[in-house]
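We count residues from 1, following the sequence as given. Note that the structure is a prediction, hence the values are computed from the model and not measured.
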Amino acid sequence: MARIAPAVGDIDGSAWNACARPDDPFLSHAFLSALEESGSVGPGTGWQAAPILIDGEDGAPVACLPSYVKAHSQGEYVFDHGWADAWHRAGGSYYPKLQIAVPFSPVTGRRLLVREGVDEAAYAAALIGAAEAVVDQNGMSSAHATFVAPAQVPLFEAAGWLIREDSQFHWENRDYESFDAFLAALSSAKRKAIRKERARAQEGLEIVHLTGAALGEEHWDVFWRFYQDTGARKWGTPYLTRAFFSLLGERLADRVLLILALRNGQPIAGALNLIGTDTLYGRYWGCTDDVPFLHFELCYYQAIDFAIAHGLKRVEAGAQGGHKLVRGYAPVATYSAHYIPDPGFRRAVAGFLAQEREAVAENRALLDERTPFRKTD
């Protein structure tokens with residue numbers, strides 16, 4: 001029998017993590033409960049935690065769904081505002097909806113969290129059924145699972161959910177021994193351009209990497225200023241509260257990489273990353289001084305440096321950003337799944353997705369041809 005808990009923070013951390021598994025820091029109990037305790041999600045935010053659980057015979061959760069009741073479509077990075085407008089024009093109420101996601105994090109990962117050693121497919125199907133029941137029993141318009149790991153897409157598809165496809169830019173580590181080895185795989189012109197960018201960005205600055213015990217409240221004070229500036233320009237109001245960063249440093253310091261640029265010992269820019277088992281996830285950036293190419297240096301090139309040094313397989317530098325292409329970040333597919341119980345609305349969305357999917361695939365193929373890597377044939 002499935003149940004809804006009031007919050008992830010109300011669930012035993014070890015039990016949640018046994019389902020989430022250790023490879024993805026965004027799914028960890030520490031990360032999700034920090035969002036709740038800091039007030040980044042919860043009352044007044046439009047994100048109401050509603051994790052769905054299925055308990056095993058031992059009384060502990062054997063399957064979990066990181067789900068939220070949403071009152072808007074902000075902070076998701078898979079845009080359905082057009083769907084909401086269409087549903088409202090037809091006289092319906094699109095909100096609240098059920099969102100299966102990590103808030104404010106366009107990071108691909110498992111969404112159907114099942115403890116190892118049990119029938120994963122069966123419990124995954126049960127979680128999907130539970131999400132559908134929440135929508136149906138509460139008269140919601142829809143449920144949306146965003147940035148779904150490719151291996152789990154067929155599970156949603158088998159349940160009849162509509163699949164949406166988009167693209168992100170990721171850097172793949174082809175067993176490079178150094179940044180220069182990565183550059184050697186690029187065309188001569190792109191190689192020279194990146195070297196010039198890095199030299200210009202680093203001129204007169206010191207770049208430092210901070211993680212684990214090296215992180216202190218003074219660093220979060222600095223980064224909070226950077227985050228507020230970027231957030232105000234992009235979203236109007238930043239999603240995360242100052243308290244979230246303190247909790248992140250307190251609970252997940254060893255999974256955090258904060259890259260700072262210093263001028264005369266004073267931080268002028270920073271980039272915040274989370275470290276997965278095989279992936280470095282770039283999340284936030286900000287600055288107080290405008291330095292040419294510094295954004296690319298801290299968010300892309302320094303991330304590559306770190307990934308190579310630590311044997312990570314890839315860098316995911318966040319949503320959007322075609323400018324990543326010429327810097328060695330190639331387009332990859334991302335997926336979301338959508339449950340829409342109204343037959344007419346479902347047909348309309350399915351038609352839209354079919355056209356969108358074709359356009360996305362064509363664009364990704366075009367971008368693949370324009371990567372900066374040397375052509376081998």
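- Of the possible donor and acceptor atoms, none in the side chain of D80 sits under 3.5 Å from a partner among the backbone N and O of W83.
- Ring pair F182/F179 is perpendicular by interplanar angle, where above 60° counts as perpendicular and below 30° as parallel.
- Of the possible donor and acceptor atoms, none in the side chain of K97 sits under 3.5 Å from a partner among the backbone N and O of S73.
- Contacts of E297 classified as salt bridge (Lys or Arg N to Asp or Glu O under 4.0 Å), with partners at least two apart in sequence or in another chain: R198.
- For the pair R111 and V148, the tightest heavy-atom approach, listed with the atom from each and the gap, is CG-CG2, 4.1 Å.
- There is no side-chain donor-acceptor pair under 3.5 Å between Y239 and T45.
- R115 contributes no side-chain N or O that, together with a main-chain N or O of A18, makes up a donor-acceptor pair within less than 3.5 Å.
- Closest non-hydrogen pair, S142 versus P341, comes out as CA-CD, 4.4 Å.
- Residues Y176 and N173 form a side-chain contact, since some pair of their non-hydrogen atoms from C-beta on lies under 4.5 Å apart.
- Nearest heavy atom pair, residue V107 against residue R283, reads CG2-CD, 4.2 Å.
- Y123 and L27 are not part of a single hydrophobic cluster, where members link through side-chain heavy atoms under 4.5 Å apart.
- Between F306 and I275 there is a side-chain heavy-atom pair separated by less than 4.5 Å.
- Q99 and T146 make their closest contact through NE2-CG2, 3.4 Å (heavy atoms, listed as atom of the first residue, atom of the second, distance).
- Under a 3.5 Å cut-off, the side chain of T211 and the backbone N or O of A253 do form a donor-acceptor pair.
- Q168 places no side-chain N or O within donor-acceptor distance of the main-chain N or O of E316, the cut-off being under 3.5 Å.
- Each of I4 and Y68 belongs to its own hydrophobic cluster when Ile, Leu, Val, Met, Phe, Trp and Tyr are linked at side-chain heavy-atom distances under 4.5 angstrom.
- P6 and D10 make their closest contact through CB-OD2, 3.1 Å (heavy atoms, listed as atom of the first residue, atom of the second, distance).
- Crowding of E356 atom CD: a count of heavy atoms from other residues, nucleotides or ligands under 6.0 Å exceeding 12.
- Inspection of the S336 and H338 side chains reveals an N or O donor paired with an N or O acceptor under 3.5 Å.
- Taking the ring centroids of F156 and Y335, they lie at or beyond the 6.0 Å cut-off.
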Run D24 and R110 through salt bridge (Lys or Arg N to Asp or Glu O under 4.0 Å) and show every step you take.
CA-CA 9 Å; D24 185 344; R110 294 162 58 248; over 6 Å; no

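- More than 12 heavy atoms of other residues, nucleotides or ligands sit less than 6.0 Å from atom CG of D58.
- Counting heavy atoms from C-beta outward, P331 and D368 have side chains that approach closer than 4.5 Å.
- Side chains of W47 and E76 form a contact here, defined as non-hydrogen atoms less than 4.5 Å apart.
- D278 pairs by the salt bridge (Lys or Arg N to Asp or Glu O under 4.0 Å) definition with R314, not counting sequence neighbours.
- One side chain, S33 or R251, offers a donor N or O that lies under 3.5 Å from an acceptor on the other.
- For the atom pair CH2 of W220 and CG of L258, the computed distance is 5.5 Å after rounding to the nearest 0.5 Å.
- From Q228, atom CD reaches atom CG of L240 across 11.0 Å, with rounding to the nearest 0.5 Å.
- Rounding to the nearest 0.5 Å places CG of L262 at 7.5 Å from CD1 of I207.
- Within a 6.0 Å sphere centred on CD of Q355, other residues, nucleotides and ligands contribute 12 heavy atoms or fewer.
- One distance of note links CG of L272 with CG of L298; it measures 12.0 Å at 0.5 Å rounding.
- Counting all heavy atoms, side chain and backbone alike, P61 lies closest to C19 at O-SG, 3.5 Å.
- Under the 4.5 Å side-chain heavy-atom criterion for ILVMFWY residues, a single connected hydrophobic cluster contains both Y227 and V222.
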Test side chain to side chain contact (heavy atoms under 4.5 Å, CB included) applied to I268 and L294, step by step
CA-CA 10 Å; I268 64 163; L294 188 56; 4.2 Å; yes

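- The aromatic rings of F223 and F245 lie perpendicular to each other, with more than 60° between the two planes, well past the 30° mark.
- The closest donor-acceptor contact from the side chain of H88 to the backbone of D85 lies at 3.5 Å or more, if one exists at all.
- The closest donor-acceptor contact from the side chain of H209 to the backbone of L257 lies at 3.5 Å or more, if one exists at all.
- Annotation: side chain of L260 is in contact with side chain of L210 (closest heavy-atom distance under 4.5 Å).
- Remark: the backbone N or O of A184 is paired with a side-chain donor or acceptor of R374 at under 3.5 angstrom.
- In this structure, S40 contributes its side chain and T241 its backbone to a donor-acceptor pair below 3.5 Å.
- No side-chain heavy atom of E358 sits under 4.5 Å from any side-chain heavy atom of E165.
- Side-chain atoms of H323 do not come within 3.5 Å of backbone N or O of F296 as any donor-acceptor pair.
- The cluster map of Ile, Leu, Val, Met, Phe, Trp and Tyr, joined by side-chain heavy atoms under 4.5 Å apart, puts V41 and Y77 in the same cluster.
- Of the N and O atoms on the side chains of W161 and E132, at least one donor lies less than 3.5 Å from an acceptor on the other residue.
- Using a 4.5 Å heavy-atom cutoff, the side chains of S167 and V360 are in contact.
- Taking CZ of R263 as the start and OG1 of T288 as the end, the distance is 8.5 Å to the nearest 0.5 Å.
- Under the 6.0 Å cut-off for aromatic ring centres, W87 and F345 qualify, their centroids lying closer than that.
- The hydrophobic clustering, which links ILVMFWY residues whose side-chain heavy atoms are closer than 4.5 Å, places L252 and I11 together.
- Relative ring orientation between F26 and F31 is described as perpendicular, the plane-to-plane angle rising above 60° on a 0-90° scale split at 30° and 60°.
- The 12-atom threshold is exceeded at CZ of R3, counting heavy atoms of other residues, nucleotides or ligands nearer than 6.0 Å.
- Ring geometry for Y94 versus H144: interplanar angle of 30 to 60°, hence tilted.
- To the nearest 0.5 angstrom, Y301 atom OH is 3.5 Å from E197 atom CD.
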Taking it one step at a time, do V78 and D166 satisfy side chain to side chain contact (heavy atoms under 4.5 Å, CB included)?
CA-CA 8 Å; V78 175; D166 204 346; over 6 Å; no

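- Residue D180 places its CG atom among more than 12 non-hydrogen atoms of other residues, nucleotides or ligands, all under 6.0 Å distant.
- A heavy-atom distance below 4.5 Å is found between the side chains of I259 and N273.
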